Protein chains: 2
Amino acid sequence: MNLSVSEENYIKSIYKLEEGQDSVTTNALAYELDTKPASVTDMAKKLKEKKLIAYEKYQGINLTPEGRKAALQIVRRHRLWECFLVEKLAFSWEEVHELAEELEHVRSEKLTNRLSEFLGNPAIDPHGDPIPDAQGKMGKPRTLTSLHKSQAKRLEVMAVSDKSAALLEFLTAKGIRLGTQLDVIERYAFDNSIEIKIRNQPAFTISEQVSKNIMVKAI
Amino acid sequence: MNLSVSEENYIKSIYKLEEGQDSVTTNALAYELDTKPASVTDMAKKLKEKKLIAYEKYQGINLTPEGRKAALQIVRRHRLWECFLVEKLAFSWEEVHELAEELEHVRSEKLTNRLSEFLGNPAIDPHGDPIPDAQGKMGKPRTLTSLHKSQAKRLEVMAVSDKSAALLEFLTAKGIRLGTQLDVIERYAFDNSIEIKIRNQPAFTISEQVSKNIMVKAI
DNA sequence: ATTATTATTTAGATTTACCTAAATATTATT
DNA sequence: AATAATATTTAGGTAAATCTAAATAATAAT
């Protein structure tokens with residue numbers, strides 16, 4: 001299946017909007033893609049023709065299994081390029097999205113797989129989103145919140161969800177960034193807050209709102 | 001100046017065909033871009049409007065200084081990506097052209113400069129073609145032929161012009177590839193042949209036809 | 001210097017991905 | 001249930017980058 005850049009962008013946006021919702025509306029998709037509802041209807045017909053989406057007029061849009069497969073390939077490429085830009089070219093995690101948006105449209109499986117290998121087959125990108133493997137499978141990211149008491153206590157920050165500027169500000173102030181190593185001192189069950197310690201700085205406590213946005217791996 | 005992918009491809013091809021020739025014909029450009037002469041005429045009018053080419057009907061096409069500047073930026077991106085693919089992702093030098101053809105259209109100066117830095121600001125790509133710097137300047141590649149007797153004799157193969165399959169075959173048979181280190185034993189003025197030696201293998205002689213296609217740097 | 005050949009341009013269509021405005025369907029409100 | 005508000009689709013149009021076929025210009029051959 002050979003998709004145009006535009007078709008790929010639609011597929012990717014449908015994939016994104018489908019999470020949670022059971023189907024994607026014309027208006028939501030138009031807003032997401034910064035286009036007009038009439039254009040979405042046009043494209044919906046074309047993507048239906050190509051069997052990438054299920055679509056009946058006035059009934060909303062869903063990816064077919066093929067469509068989802070295509071979406072995962074695009075997402076894989078996007079997130080791998082984000083990793084490359086941050087890890088190898090020293091871009092900050094805020095500025096990589098636009099560039100990855102362009103690089104993701106270079107459709108070469110060989111390139112994608114070699115890039116993944118070069119990066120050490122990362123499981124999550126710098127925003128904390130999981131990277132699908134060549135088969136389209138991906139794991140849930142491990143957040144600081146999700147780890148159980150029994151698990152490793154010496155951790156490394158792999159990624160941070162960047163939903164809000166306030167969070168990024170807080171993390172910067174506390175000295176938490178990509179690659180930061182930290183120890184979990186204690187977990188408090190009543191509010192799920194966590195006491196952590198970075199190197200030889202004094203320990204401090206972070207709330208669940210914060211810890212659920214910090215992706216880590218044991219080291 | 002914001003160029004479409006198509007406009008960039010025209011500019012790049014005009015740049016390529018302009019070498020040697022004093023102006024580029026409609027037919028030659030159509031052939032190079034695998035399109036029809038009528039399409040070239042259309043685009044020529046548009047690029048003239050944008051002041052990137054000098055064009056009068058039936059008079060052929062030339063880049064303006066602006067057009068040349070744009071071309072050098074595209075060439076820079078193309079060749080940097082070729083370096084990346086070969087050096088970092090272990091592609092062979094024959095297979096990188098198509099991929100670089102796509103990657104070159106991601107127009108971000110920051111990305112380009114960071115990529116260049118990441119690669120150690122290479123002066124030539126794996127095909128032996130020089131890479132323009134951020135200002136569009138580029139040096140002539142140093143071939144094995146072009147080095148004078150007085151210059152360093154321990155050399156490293158940086159690139160190989162891949163004009164013919166026969167040459168590549170010959171080089172492979174002789175054990176000459178990217179990164180190969182060699183010593184120049186002697187130069188024979190009457191036919192410009194060169195006696196070289198690789199590691200502890202026996203020395204052998206190569207003709208000027210061969211040596212002028214091998215780009216080297218002193219080490 | 002005509003004529004033939006080749007190169008180039010023009011005119012008019014086509015495709016993709018958009019758009020606006022109007023029509024129609026769906027959903028929410030009274 | 002009727003009406004108002006919102007969502008979606010249809011109809012028809014536009015710009016970019018192509019194309020084919022026909023017309024015209026430039027060059028080569030007699």
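Within every chain, numbering begins at 1; the chains are lettered A, B, ... in the order of the sequence lines, protein sequences first and strands thereafter. Because the structure is a prediction, the values reported are computed rather than measured.
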> Does any N or O in the side chain of Glu18(A) come within less than 3.5 Å of the main-chain N or O of Leu63(A), such that one atom is a donor and the other an acceptor?
Replying inline: yes
> So, is Thr26(B) close to the dT9(C) phosphate, meaning a side-chain N or O under 4.0 Å from OP1 or OP2?
Replying inline: yes
> Closer than 4.0 Å, any side-chain N/O of Asn27(A) to the OP1 or OP2 of dT6(D)?
Replying inline: no
>> Please tell me if Thr35(A) has a side-chain N or O lying less than 4.0 Å from either OP1 or OP2 of dC19(C).
In response: yes
> Think Ser6(A) has a side-chain N or O under 4.0 angstrom from the OP1 or OP2 of dT16(C)?
Replying inline: no
> With respect to the phosphate group of dT18(D), does any side-chain polar atom (N or O) of Tyr10(B) fall under 4.0 Å of OP1 or OP2?
Replying inline: yes
>> Rounded to whole Å, how long is the line connecting atom CG of Leu3(B) with atom P of dA16(D)?
In response: 13 Å
> Just to confirm, is there a sub-4.0 Å distance from OP1 or OP2 of dT10(C) to any side-chain nitrogen or oxygen of Tyr58(B)?
Replying inline: no
> Atom CD of Glu49(A) and atom P of dT16(C): how far apart are they, to the nearest Å?
Replying inline: 12 Å
>> Quiz question: by atom type and distance under 3.5 Å, do the side chains of Ser193(A) and Asp191(A) form a donor-acceptor pair?
In response: yes
> Is there a donor-acceptor contact under 3.5 Å from the side chain of Thr180(B) to the main chain of Arg177(B)?
Replying inline: yes
> Taking only side-chain nitrogens and oxygens of Ser4(A), does any of them come within less than 4.0 Å of OP1 or OP2 of dT16(C)?
Replying inline: no
>> Assess, by modelled atom type and distance only, whether the side chains of Asn113(A) and Arg76(A) contain a donor and an acceptor separated by less than 3.5 Å.
In response: yes
>> Just the rounded figure in Å: distance from C1' of dT8(C) to NZ of Lys45(B).
In response: 10 Å
>> Taking pairing as Watson-Crick or G-U wobble with both contacts under 3.5 Å, can you name the mate of dT30(C), or confirm there isn't one?
In response: dA1(D)
> Between Glu7(A) (CD) and dT16(C) (P), how many Å, whole number?
Replying inline: 9 Å
> Is the backbone N or O of Asn2(B) less than 3.5 Å from a side-chain atom of Arg107(B), with the two atoms forming a donor-acceptor pair by type?
Replying inline: no
> Can a side chain N or O of Tyr55(A) be found less than 4.0 Å away from OP1 or OP2 on dT8(D)?
Replying inline: no
> Under the criterion side-chain hydrogen bond (donor to acceptor under 3.5 Å, both in side chains), which of Thr205(A), Thr145(A), Asn192(A) is the partner of Ser211(A)?
Replying inline: Thr145(A)
>> Given 3.5 Å as the limit, does a donor-acceptor pair link the side chain of Thr143(B) with the main chain of Ile214(B), or not?
In response: no
> Heavy-atom contacts under 4.0 Å between residues 36-44 of chain B and DNA chain C, which residues?
Replying inline: Pro37(B), Ala38(B), Thr41(B)
>> Rounded to whole Å, please give me the gap between CD in Glu56(B) and C1' in dA25(D).
In response: 15 Å
> On DNA chain C, nearest-nucleotide positions of Gln59(A) versus Gln59(B): which is more 5'?
Replying inline: Gln59(B)
> Within the structure, does a side-chain N or O atom of Lys57(B) lie under 4.0 Å from either OP1 or OP2 of dT10(C)?
Replying inline: yes
>> What is the distance, to the nearest angstrom, from the CG atom on Leu29(A) to the P atom on dC18(C)?
In response: 11 Å
